[in-house]
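Take a look at the following structure, please.
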Amino acid sequence: MAVAIQCRDLRKTYDGKVEAVRGLNLEIQIGECFGLLGPNGAGKTTTIEILEGLLEPTSGEVSILGHSWRESAREMREWLGISLQETRLSEKLTVRETIELFASFYREPRSSEDVLAELQLTEKADSWVGKLSGGQRQRLAVATALVCNPKILFLDEPTTRLDPQSRRQLWDIVREFQRGGGTVLLTTHYMDEAERLCDRLAIVDQGQVIAEGSPAELIERLGGHHVVEFAVSGRNGNSDGAALEAWRVLPSVESVRENDGMVALNVKEPHLTIPALLEAVGKQGSKLQHLTTRQASLEDVFVRLTGRHLREE
């Protein structure tokens with residue numbers, strides 16, 4: 001497959017001291033939805049702003065569809081549609097006027113009416129932007145990115161604060177853009193969104209890629225296909241070192257972590273782990289307060305790699 005976005009040994013240092021991006025490498029193929037995940041302060045925003053041509057890297061190379069920002073900046077801006085997490089739009093313009101304004105910035109924009117229909121905004125075309133709901137505003141922000149007829153769509157947390165129905169509408173828009181051959185670079189704090197939309201993704205922490213692959217591949221690398229979560233009370237509790245070691249040696253357990261009074265075991269065969277767990281709890285003189293099992297997820301991958309939940313500051 002041809003490469004849509006590529007960066008090699010990307011670095012960005014502020015004031016000669018703070019390294020926001022430290023030797024980051026990415027290769028995104030044409031037609032795929034690629035997710036960039038990471039905790040706050042990981043370097044995602046800086047990386048994306050460099051890829052979008054908004055920020056100069058300290059060093060490293062960026063290529064967009066085989067071109068560099070130094071040589072083809074005007075042409076490259078025609079290829080990119082950008083939707084920010086919070087796009088500031090004039091509240092005194094109508095929805096149609098807003099889309100037509102953004103269309104006027106480009107040489108070969110799409111029809112405003114087509115974009116209105118695609119984003120399900122036709123009924124709101126003559127409404128003031130200031131009167132729109134949160135979901136409608138966010139769809140309008142994506143519409144301003146799509147009206148330029150882009151080849152690559154940058155979506156920065158596009159569904160933050162949206163209701164479930166509005167989120168799924170935006171997912172459909174992303175899939176339709178891909179079906180037309182478009183490439184999507186997505187940042188999100190919703191793990192279900194990343195699992196559903198992304199063909200591949202990279203987890204970034206401290207300015208570097210620490211894991212990359214499809215959602216299924218990353219979950220597979222976690223070491224266990226299932227998670228057994230439980231809480232116990234009694235003599236040893238959850239976080240006593242000896243108790244944690246007792247959980248680690250249970251059958252089929254690949255890894256153990258403790259968080260907020262809960263123990264999470266990554267396991268391959270829960271039907272072997274759970275009976276042994278119940279027996280171990282009894283031998284400790286403890287009492288089981290909570291027990292659930294579920295499939296391993298990207299959230300588990302993230303926590304294991306970074307030691308933090310994605311939403312933690």
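Quick caveat: nothing in here was measured; it's all calculated off a predicted structure. Numbers here simply count residues along the sequence, with the first being 1.
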Lys/Arg-Asp/Glu bridge criterion (N-O < 4.0 Å) met for Glu299, Arg294: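 Judged by the 4.0 Å cut-off on N to carboxylate O distance, Glu299 and Arg294 do not form a salt bridge.
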Using a distance-only test with no angle check, is there a side-chain donor-acceptor pair under 3.5 angstrom linking Arg139 and Gln120?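 No, because no side-chain N or O of Arg139 sits under 3.5 Å from a partner of the opposite role on Gln120.
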Is there a side-chain contact between Val267 and Glu254 (heavy atoms, below 4.5 Å)?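 No, their side chains stay 4.5 Å or more apart.
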Between Met76 and Glu71, is a side chain to side chain contact (heavy atoms under 4.5 Å, CB included) present by the stated rule, with each step listed? CA-CA 9 Å; Met76 291 165 68; Glu71 300 166 355; over 6 Å; no
One pair to check against side chain to side chain contact (heavy atoms under 4.5 Å, CB included): Glu229 and Val263. What are the steps and the verdict? CA-CA 6 Å; Glu229 291 181 314; Val263 177; over 6 Å; no
Please identify which of these residues, Glu212, Glu217, Glu195, Glu27, meets the salt bridge (charged side-chain N to carboxylate O under 4.0 Å, His left out) condition with Arg200. Glu212
Please name the residue in the list Asp300, Leu37, Val301 that meets the side-chain contact (heavy atoms from CB on, under 4.5 Å) test with Met191. Leu37
With rounding to the nearest 0.5 angstrom, report the CD to CG distance, Gln136 to Leu162. 11.0 Å
Check: Val281 and Ser286 side chains under 4.5 Å, non-hydrogen atoms: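 Yes - at least one pair of side-chain heavy atoms lies under 4.5 Å apart.
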Between Gln208 and Asn25, is any side-chain donor less than 3.5 angstrom from a side-chain acceptor?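 No pair is found: no donor N or O on one side chain lies under 3.5 Å from an acceptor on the other.
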Are any of the side-chain heavy atoms of Ile64 and Trp69 separated by less than 4.5 Å? yes
Measuring from Lys44:NZ to Leu185:CG, what's the distance to the nearest 0.5 Å? 11.5 Å
Below 4.0 angstrom, N of the basic side chain to O of the carboxylate: do Arg137 and Glu91 qualify?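 Looking at Arg137 and Glu91, the cut-off is met.
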Side-chain heavy atoms of Ile48 within contact of Thr187, under 4.5 Å: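 Sidechains of Thr187 and Ile48: in contact.
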Closer than 4.0 angstrom, basic N to acidic O: yes or no for Asp192 and Arg167? yes
Arg77 with Glu52: basic N within carboxylate O range, under 4.0 Å: no
Going by distance alone, is a donor N or O of one side chain under 3.5 Å from an acceptor N or O of the other, for Glu193 and Trp171? yes
Side-chain donor-acceptor contact under 3.5 Å, Asp126 with Thr94: no
A cation-pi test, strictly: NZ or CZ of Lys12 under 6.0 Å from the centre of the six-membered ring of Tyr14 and no more than 45 degrees from its axis. Yes or no? yes
Quick one, Val253 and Val249 - any side-chain contact, counting heavy atoms below 4.5 Å? no
With rounding to the nearest 0.5 Å, note down the distance linking CG in Leu26 to CD in Gln6.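 So the CG of Leu26 and the CD of Gln6 are separated by 9.5 Å.
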Does any non-hydrogen side-chain atom of Ile274 lie less than 4.5 Å from one of Leu291?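 Yes, their side chains come closer than 4.5 Å.
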